[in-house]
2 protein chains.
Amino acid sequence: MTTTAPSSSAVRLAAETWESLFRSQVAVMRRLQAGQAFKKLPIKEYDVLFTLSRCPTGKLRLNEINDHVLLSQSSLSRLVDRLEKRGLVERSIAPDDGRGILLGLTAAGHELQKEIGREHVRDIAELVAPALTAEEQRELLRLTEKLQAFVAHKQPRES
Amino acid sequence: MTTTAPSSSAVRLAAETWESLFRSQVAVMRRLQAGQAFKKLPIKEYDVLFTLSRCPTGKLRLNEINDHVLLSQSSLSRLVDRLEKRGLVERSIAPDDGRGILLGLTAAGHELQKEIGREHVRDIAELVAPALTAEEQRELLRLTEKLQAFVAHKQPRES
DNA sequence: CCAAGATAGATGCATTTGCATGTATCACTG
DNA sequence: CAGTGATACATGCAAATGCATCTATCTTGG
């Protein structure tokens with residue numbers, strides 16, 4: 001398999017696009033993190049509760065969660081330790097794989113997720129909704145989903 | 001000043017848009033961080049070199065840099081300590097404000113930034129260019145710039 | 001010009017993170 | 001089905017991070 005060398009302008013466009021995506025994420029995240037909601041629980045820990053709350057079965061493998069967050073495997077393991085110590089999640093052994101750990105929310109975890117989630121969603125809407133029209137938001141949603149889908153499927157370079 | 005309550009669907013759209021922007025950033029960043037280039041220097045430290053390299057005057061105040069990066073003030077201060085210890089940047093006192101610190105690249109810093117930058121840009125292009133058409137990239141660039149501009153100008157809620 | 005408050009950045013200290021590695025289970029091969 | 005390598009998660013330890021606080025400078029009101 002061969003690929004044609006991308007033109008220099010194509011490279012530049014891709015780089016600028018990523019740069020802008022990244023900076024906008026930093027700007028928004030900075031604001032969201034400062035939200036009142038995250039006095040109760042750091043945003044990274046909330047994100048795990050949120051991810052679990054979205055999951056149809058209510059439980060996820062640690063490695064699945066790890067794909068969603070920007071944390072090393074060991075850091076996630078200890079983050080889950082903290083959540084478990086606070087009684088927000090429960091570890092159980094995956095039925096189909098003795099090595100795997102299934103993580104699920106406790107009642108308290110569900111409760112706290114909803115509580116923080118309400119505030120958090122309000123903060124998000126306050127930042128994003130006035131910045132872009134509904135049409136633009138839908139387009140941004142579509143483009144980032146497309147980008148994410150491509151990146152997720154592409155295998156890492158072996159170089 | 002009063003604002004009309006946003007409809008529930010507007011809130012949901014904003015939340016989904018942010019969620020997708022965030023996850024796509026995580027997915028791309030994960031790949032980029034794993035790049036060969038960042039064996040030499042962690043990506044967060046590279047980002048400071050990059051930011052300095054982009055600046056017309058070649059020097060920036062620490063608090064300006066801090067706005068670009070998702071780090072606390074103290075963490076940035078120590079990150080700069082590390083860069084300085086490696087001889088990549090130099091601190092100097094801001095001429096117009098005795099409290100302020102101006103940061104500039106050394107020759108070695110410039111060199112390393114360019115070296116890592118070349119690889120990094122290639123990795124970015126490899127991930128982003130095949131995922132979206134040029135037209136789509138331009139649109140994504142426009143939308144994220146617009147979002148960032150709004151968020152930067154909006155003052156924090158005093159709530 | 002002085003006092004009081006604000007701002008820029010540095011630092012002590014506890015927490016979080018990642019790398020390297022360890023343990024246990026799984027998948028495959030012969 | 002034993003042996004070998006791969007995968008999932010945990011853990012020791014050094015490094016990075018954030019919070020609270022400190023020092024030094026700036027700004028403002030009298």
Side-chain angles (χ1 to χ4, degrees), chain A residues 26 29-36 38-48 52 59-86 88-104 155-156 158, chain B residues 26 29-36 38-49 51-52 59-86 88-104 155-156 158:
Chain A
V26 167
M29 180 58 89
R30 185 174 274 290
R31 291 301 195 86
L32 292 178
Q33 267 184 327
Q36 207 52 38
F38 299 110
K39 296 288 183 178
K40 298 165 187 168
L41 194 73
I43 194 163
K44 283 177 182 176
E45 301 186 14
Y46 167 75
D47 194 26
V48 170
L52 287 171
K59 295 187 178 221
L60 285 172
R61 291 283 296 268
L62 290 188
N63 58 2
E64 296 177 300
I65 297 173
N66 219 150
D67 292 336
H68 269 60
V69 275
L70 205 50
L71 276 177
S72 68
Q73 179 268 318
S74 61
S75 296
L76 177 62
S77 179
R78 283 194 246 253
L79 187 154
V80 169
D81 287 348
R82 295 193 295 272
L83 290 176
E84 202 173 25
K85 230 166 277 174
R86 285 182 61 169
L88 300 172
V89 300
E90 264 169 355
R91 275 189 243 243
S92 56
I93 295 168
D96 57 327
D97 186 341
R99 300 165 299 177
I101 296 288
L102 275 179
L103 200 66
Q155 44 250 332
E158 62 294 331
Chain B
V26 168
M29 180 58 88
R30 185 175 273 291
R31 290 303 195 86
L32 292 178
Q33 267 184 327
Q36 205 55 35
F38 299 109
K39 297 287 184 180
K40 299 165 186 166
L41 194 73
I43 194 164
K44 284 177 181 176
E45 301 187 14
Y46 167 75
D47 194 26
V48 170
L49 299 192
T51 302
L52 286 171
K59 296 188 177 220
L60 286 172
R61 291 281 298 267
L62 291 189
N63 58 1
E64 295 177 300
I65 296 172
N66 220 151
D67 292 336
H68 268 60
V69 183
L70 205 50
L71 275 178
S72 68
Q73 179 268 319
S74 61
S75 297
L76 177 62
S77 178
R78 283 195 247 253
L79 187 154
V80 168
D81 287 347
R82 295 194 295 273
L83 291 176
E84 203 174 24
K85 229 166 278 172
R86 286 181 62 169
L88 300 172
V89 300
E90 264 169 353
R91 275 189 243 241
S92 55
I93 295 168
D96 57 328
D97 186 341
R99 299 164 299 178
I101 295 288
L102 275 178
L103 200 68
Q155 40 250 331
E158 63 292 332

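We name chains A, B, ... by the order of the sequence lines, and we start the count at 1 in each one. Because the structure is predicted, anything quoted here is derived from the model rather than measured.
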Legend entry - Residues from residues 89-100 of chain B lying under 4.0 Å of DNA chain C - heavy atoms: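 Of all residues in residues 89-100 of chain B, the ones placing a heavy atom under 4.0 Å from DNA chain C are B/R91, B/R99, B/G100.
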side-chain hydrogen bond (donor to acceptor under 3.5 Å, both in side chains) partners of [X], counting only residues at least two apart:
X     : value
A/D97 : A/R99
A/K44 : none
A/R91 : A/D81, A/E84
B/S75 : B/S72

Inset, instruction - Taking all non-hydrogen atoms of both residues into account, name the closest pair between A/L32 and A/F38 and its distance. - result: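 Scanning both residues completely, I find the closest heavy atoms to be O-CD1, 3.3 Å.
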Legend entry - Considering all heavy atoms, the nearest A/R61-A/G100 contact: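 Scanning both residues, the minimum pair turns out to be NH2-CA, 3.3 Å.
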Legend entry - Contact boundaries on DNA chain C for chain A, cut-off under 4.0 Å to non-hydrogen atoms: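 First-to-last contact on DNA chain C, by the 4.0 Å heavy-atom rule, is C/dT16 to C/dC26.
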Legend entry - Non-neighbouring partners of B/L70 that pass side-chain contact (heavy atoms from CB on, under 4.5 Å), sequence neighbours left out: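 Per chain and number, B/L70 pairs via side-chain contact (heavy atoms from CB on, under 4.5 Å) with A/V26, A/M29, A/R30, A/Q33.
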Inset, instruction - Could you list the residues that satisfy side-chain contact (heavy atoms from CB on, under 4.5 Å) with A/E90, not counting sequence neighbours? - result: A/T106
For [range], which residues have at least one heavy atom under 4.0 Å from DNA chain D?
range                     : answer
residues 59-71 of chain B : B/L71
residues 73-83 of chain B : B/S74, B/S75, B/R78, B/R82
residues 38-45 of chain B : B/K44

Inset, instruction - Rounded to 10°, tell me the angle between the two end axes of the helix from C/dC1-D/dG30 to C/dG30-D/dC1, each built from five pairs. - result: 30°
Inset, instruction - Identify which one of A/D47, A/L79, A/V48 satisfies the side-chain contact (heavy atoms from CB on, under 4.5 Å) criterion when paired with A/L71. - result: A/L79
